[in-house]
Amino acid sequence: MSTKQLLVLFVFILFVQYHCVAQENNSQEVPLTEQTSGNSYSIKLQNIIIQNIPIDICITPDNVTDNLYPVKVIFNDSAFSLSPEGNSYSFKYSFSHKEDVIIKVGSTIYERAITPVPLWMSIIPPLIAILMALLFREVYSALFMGLLAGTTILFFYQGKTLFIAIFSGLYSIIDSYIVKSMSDTGHISIILFSMMIGGMVTLITKNGGMKGIVNYLARYAANDKSGQFVTWLLGIAIFFDDYANTLIVGNTMRPVTDKLKISREKLAYIVDSTAAPVAALALTTTWIGIEIAYIQEGINAIGINESAYIIFIKSLTTRFYPILTLIFIVMLIFKGRDYGPMLKAERRARAKEIVEEADDIEINAEITDRIDSKKVRWYNAAIPVLVVVFGTFAGLVITGWNRQVWDDPDLSLFTKFTEIIGNSDSYIALLWASLSGMLMAVILTVAQRIYNLKKSIIYLIEGFGTMLSAVLILILAWSLALITQDMHTAEFLAGVLTDMNLTPFLLPAITFILSALIAFSTGSSWGTMAILYPLILPVSWAISQQYGMDYDASMAIFNNVVSSILAGSVFGDHCSPISDTTILSSLASSCNHIEHVRTQLPYAMTVGVVSVLFGTLPAAYGVPFYILYPANILILYLIIVLLGKKVNIAVE
């Protein structure tokens, strides 16, 4: 069969199945409704119905009047009265099994057969995406198949045949989930920020600025150890936002680490493992406002008189995973040892002039080599990068500015900045900073006559294009996160915890594991915190009280659970191939994404297991943190010595 015939056949099959989908949608979207004399109503149930998850059933009068009165509702065999809420009525109901629904309100009769999606199936989409990404080392198809699995399940349980459900799910990926993920202003902000950073980095590479900064930093990064340590220090220095940290440090240090024969995998690991941990620990970051808000929700649900900010401060001492991760990196660097896939990656990098993944840097190097050496100036890269760094901080202050807080004489300067940045809009700050950095790069390039304006704009657009693959992965990952929200994956995992009837002393460790599982499955540490803080904090308090613990002991468990949610979400985020920060780390380091996940996973698992067994668990039983941290550091040191092997042996 010729190519033309195959194409015609494919188009015909596509048309037939699209026609079938349209026909079935038209035949199923309107349930049986009978109208007689008297008042009539519109009754709506959502299409996605998950087993044992309450949904809102909305009833709206067809003829809305200024004054609505209570109405009698007959739901199957039950009768009850509903009071109006605005211009409509609503009540909640959860479906535990397949049932035929008959709702009677006034003259309206609504009938529909409901088959709820089993809650355990909510784990299937992220599980398929994660397994496919790890097995086939290809993230695009993995994310897409995870999305398709989720949408197919949802449509199948809405009464469609399997064939129709597959194609309905296929189309809903693009017209529902991808469109919805891209309509989120935060997501669009990250895409724009990433593109502008990509454009800036490309331009400062073409104009010789990157080569200049490589030459400058090379004075302090004379070998692989000092190069990795400088990268770690930069990761610590840019503490106020994990996205800015990842993209700035990765793009800035990549030419330096390439020159020192440090693998892209190791660079991506250092970048990824400093960004979120530092942002999760520092007191002046874009994370703190969101986290305090979540903690406050938990406090309100419990009804205790405590300050969310004070609880945040107290919980810092038991955030074992992010603190130990930062220390673990330093020990790896100065011991000169690695293990697992990272050892192979490092030895491969040491054996070659430029690592295999560095094709784009080789091209850039050829271009910068043609620039007059007198125009290779480090500040052409440093100034735009610093504009982004300080511009982000300035943007955070401006968007979070509160005159009442600033003029409060009872607050220290540090506390004022903390509250202001905690209430800031990090997305706007990042957009302002990245635009400023990009414009500064253009001004420096044109003013020094390295390139004219037209050529500079061409390089900016070329830089935008380099971000396309990463943006596509981000969009697919965000879409998969929407699927997990619709299918209530987090509720399934959280329900497993609450049904285990554990003692309160095990709650922090179990919470860490649950938080890690949710972050691993959804790829979002922020999403995990948003779900678990208001859900688990009241559960932990209730279990502590039921166990007979006094107020102080219950608060100690409570503070530890606060730490465990954040630490576990960062750990799960580090392990997940669908995490946005993991993807951005691969992007900023120009590292193959699956290789980054494979090489980082053993290190994240090492610190995660040690931190929960020898940190979180004994801390819940009252062991002081100043005893636990030295013990944990010693254990990690012994692991590096026993499992790790010298990287440079292969070169000697």
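If you read the sequence from its start, that first residue is 1, and numbering goes on from there. It should be emphasised that the depicted structure is a prediction, and the values quoted were computed from it without experimental measurement.
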Just checking [X]: does its [atom1] atom have more than 12 heavy atoms from other residues, nucleotides or ligands closer to it than 6.0 angstrom?
{"X": "Tyr637", "atom1": "OH", "result": "no"}
{"X": "Met555", "atom1": "CE", "result": "yes"}
{"X": "Tyr626", "atom1": "OH", "result": "no"}

[X] (side chain) donor-acceptor with [Y] (main chain) under 3.5 angstrom:
{"X": "Ser576", "Y": "Gly572", "result": "no"}
{"X": "His574", "Y": "Asp272", "result": "yes"}
{"X": "Arg254", "Y": "Ala588", "result": "yes"}
{"X": "Glu346", "Y": "Ser263", "result": "yes"}
{"X": "Arg337", "Y": "Ile640", "result": "no"}
{"X": "Tyr629", "Y": "Thr317", "result": "yes"}
{"X": "Ser544", "Y": "Ser554", "result": "no"}
{"X": "His593", "Y": "Ser586", "result": "no"}
{"X": "Ser515", "Y": "Phe512", "result": "no"}
{"X": "Thr246", "Y": "Val271", "result": "no"}

Flag the pair [X] / [Y] as yes when their ring centroid distance falls below 6.0 Å, and as no otherwise.
{"X": "Trp432", "Y": "Phe193", "answer": "no"}
{"X": "Phe334", "Y": "Phe229", "answer": "yes"}
{"X": "Phe571", "Y": "Phe520", "answer": "no"}

Looking at every non-hydrogen atom in both residues, tell me the closest pair between [X] and [Y] and how far apart they are.
{"X": "Val388", "Y": "Ser434", "answer": "CG2-CA, 4.4 Å"}
{"X": "Ser181", "Y": "Ser479", "answer": "OG-OG, 3.3 Å"}
{"X": "Met253", "Y": "Leu267", "answer": "CB-CD1, 4.2 Å"}
{"X": "Thr392", "Y": "Ala429", "answer": "O-CB, 3.7 Å"}
{"X": "Ala268", "Y": "Cys591", "answer": "CB-CB, 4.2 Å"}
{"X": "Asp573", "Y": "Ser579", "answer": "OD1-OG, 2.7 Å"}

Drop me the distance from [X]'s [atom1] to [Y]'s [atom2], to the nearest 0.5 angstrom.
{"X": "Ile639", "Y": "Tyr339", "atom1": "CD1", "atom2": "OH", "value": "6.0 Å"}
{"X": "Met145", "Y": "Leu476", "atom1": "CE", "atom2": "CG", "value": "12.5 Å"}
{"X": "Ile311", "Y": "Ile304", "atom1": "CD1", "atom2": "CD1", "value": "5.0 Å"}
{"X": "Ser273", "Y": "Trp232", "atom1": "OG", "atom2": "CH2", "value": "12.5 Å"}
{"X": "Asn592", "Y": "Arg598", "atom1": "CG", "atom2": "CZ", "value": "9.5 Å"}
{"X": "Gln51", "Y": "Met121", "atom1": "CD", "atom2": "CE", "value": "10.0 Å"}

Evaluate the ring planes of Trp541 and Tyr551, with Trp represented by its six-membered ring, and classify them as parallel (under 30°), tilted (30 to 60°) or perpendicular (over 60°). perpendicular

Taking only residues two or more places apart in sequence, or in another chain, which ones meet Ser563 in a side chain to side chain donor-acceptor pair (under 3.5 Å)? Thr318

